[in-house]
Amino acid sequence: MNELYEFDKNYKKVIIGVDEAGRGPLAGPVVAAAVIIDNYCEEFDLINDSKKLTEKKREKLFDIIIEKCKVGVGIGTVEEIDKLNILNANFLAMRRALEDLGEEGFVLVDGNQLIREYENNQEFVIKGDSKSLSIAAASIIAKVTRDKIMKQYAEIYPQYGFDKHKGYGTKEHIEAINKYGITPIHRLSFLKNIY
């Protein structure tokens, strides 16, 4: 049993891990996930902060988590990001993920803030995706879900390379914006210094 799972078990409650992917990109939604790990299995030993895993490992673990855990996913759209700001859209995505999960439990949220407008018991965990197994699992679900969305957008807007940079402000992405303009999936509030 790994130390990330031990961290969760110390609470002696049903733990719901919550994390998001996509706060920083110039394009695409922000995606949050909520995960309950009911029964530990050996395959979970491979779970870690999604940023420390290869894309291939994340995708393999995504399938394992979906199969063996309770999972909820929530999305904050580009329109909501521009209207509410990224932080509020992020909290909205987290609340939607918890609603989608539809289970009661003690929420551990990655980061340094509690989820706004969420009434149930929660605690934030700084660098939670490298401390808590349920948060690490949520980070994988959120990241892989968002990557899949960006790969779909890459088929609609092939000249932007969304399948490679996933909407982040890489040199290639900024050059594409300057050459082709913006798409409906670009966050206007993020482009003020670029476009």
Side-chain angles (χ1 to χ4, degrees), residues 4-5 7-38 47 49-51 58 62 65-66 69-150 152-153 166-169 184-193:
L4 276 72
Y5 189 62
F7 181 92
D8 290 358
K9 291 308 278 181
N10 282 336
Y11 284 87
K12 297 181 172 57
K13 299 172 183 174
V14 173
I15 292 297
I16 303 173
V18 176
D19 201 3
E20 54 48 51
R23 274 178 69 164
L26 306 177
V30 62
V31 177
V35 175
I36 294 175
I37 296 170
D38 279 330
I47 293 174
D49 173 3
S50 66
K51 294 182 284 295
R58 280 196 302 265
F62 175 93
I65 295 162
I66 291 287
C69 303
K70 291 172 181 159
V71 175
V73 173
I75 289 173
T77 66
V78 171
E79 293 77 16
E80 287 165 339
I81 291 166
D82 282 339
K83 184 180 175 186
L84 305 173
N85 77 37
I86 184 60
L87 189 61
N88 288 321
N90 180 45
F91 289 137
L92 178 61
M94 288 178 168
R95 291 194 301 272
R96 285 173 175 162
L98 286 159
E99 197 178 315
D100 185 48
L101 179 70
E103 299 276 339
E104 293 295 313
F106 188 81
V107 173
L108 295 182
V109 56
D110 183 52
N112 61 1
Q113 292 186 62
L114 297 175
I115 302 168
R116 289 179 192 165
E117 296 172 45
Y118 182 70
E119 302 305 322
N120 296 5
N121 290 329
Q122 58 175 319
E123 187 176 297
F124 65 77
V125 183
I126 294 167
K127 294 196 169 122
D129 44 12
S130 57
K131 292 177 184 170
S132 158
L133 191 68
S134 54
I135 293 177
S139 79
I140 291 166
I141 296 295
K143 173 75 175 140
V144 174
T145 301
R146 188 178 187 281
D147 284 356
K148 286 179 177 178
I149 291 168
M150 295 313 291
Q152 289 169 348
Y153 282 133
K166 312 298 189 291
Y168 283 86
I185 69 154
H186 278 101
R187 303 173 180 179
L188 299 180
S189 54
F190 278 52
L191 295 174
K192 286 170 183 162
N193 299 329

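Residues I81 and V30 meet the side-chain proximity criterion, which asks for heavy atoms closer than 4.5 Å. Put simply, the side chain of P25 does not reach to within 4.5 Å of the side chain of M150, judged on heavy atoms. A 4.5 Å side-chain heavy-atom check between I115 and L98 finds at least one atom pair inside the cut-off. At a threshold of 4.5 Å between non-hydrogen side-chain atoms, the residues F91 and L84 do not count as touching. Annotation: side chain of N121 is not in contact with side chain of K13 (no heavy-atom distance under 4.5 Å).
Counting only residues at least two apart or on different chains, the salt bridge (Lys or Arg N to Asp or Glu O under 4.0 Å) pairs with a member in residues 115-124 are R95-E117. Residue pairs meeting the ring pair (Phe, Tyr, Trp, His ring centres under 6.0 Å) criterion with at least one partner in residues 113-139, sequence neighbours excluded, are absent. Among pairs with a residue in residues 69-94, those fulfilling salt bridge (Lys or Arg N to Asp or Glu O under 4.0 Å) read D38-K70, K70-E103, E80-R96, at least two apart in sequence or across chains. Here salt bridge (Lys or Arg N to Asp or Glu O under 4.0 Å) pairs that include residues 22-37, with residues two or more places apart or in two chains, number zero.
Rounding to the nearest 0.5 angstrom, the gap separating the CD1 atom in I86 from the CG atom in L92 is 10.5 Å. Residue K166 holds its NZ atom at 9.5 Å from CZ of R146, rounded to the nearest 0.5 Å. Considering OG1 of T77 and CD1 of I185, their distance stands at 12.0 Å, rounded to 0.5 Å.
By the ring-ring contact (aromatic ring centres under 6.0 Å, His included) test, Y11 pairs with F7, F106, sequence neighbours left out. Residues forming a side chain to side chain contact (heavy atoms under 4.5 Å, CB included) with L133 (at least two apart in sequence, or on another chain): N2, L4, Y5, D8, I37, Y40, F44, I47. Not counting sequence neighbours, the partners of A33 by the side chain to side chain contact (heavy atoms under 4.5 Å, CB included) test are A138, I141, A142. The side chain to side chain donor-acceptor pair (under 3.5 Å) check on S139 picks up nothing, with sequence neighbours excluded. Remark: R187 engages no residue in a salt bridge (charged side-chain N to carboxylate O under 4.0 Å, His left out) (not counting sequence neighbours). Here K51 pairs with D49, D129 under the salt bridge (charged side-chain N to carboxylate O under 4.0 Å, His left out) rule; sequence neighbours left out. Every residue meeting the salt bridge (charged side-chain N to carboxylate O under 4.0 Å, His left out) condition with D147, not counting sequence neighbours, appears here in chain and number order: R58, K143. K131 pairs by the salt bridge (charged side-chain N to carboxylate O under 4.0 Å, His left out) definition with nothing, not counting sequence neighbours.
Within 6.0 Å of the OH atom in Y153, the count of heavy atoms belonging to other residues, nucleotides or ligands does not exceed 12. A 6.0 Å sphere centred on CD of Q113 holds more than 12 heavy atoms belonging to other residues, nucleotides or ligands.
When all heavy atoms of I36 and C69 are compared, the closest pair comes out as O-CB, 3.3 Å. Of all non-hydrogen atoms in E104 and V14, the two that sit nearest each other are O-CG1, 3.8 Å. For the pair S132 and S134, the tightest heavy-atom approach, listed with the atom from each and the gap, is OG-OG, 3.1 Å. Shown here for V35 and A137, the closest heavy-atom pair between the two residues is CG1-CB, 3.9 Å. Here the closest non-hydrogen pair linking V109 and I135 is C-CD1, 4.1 Å.
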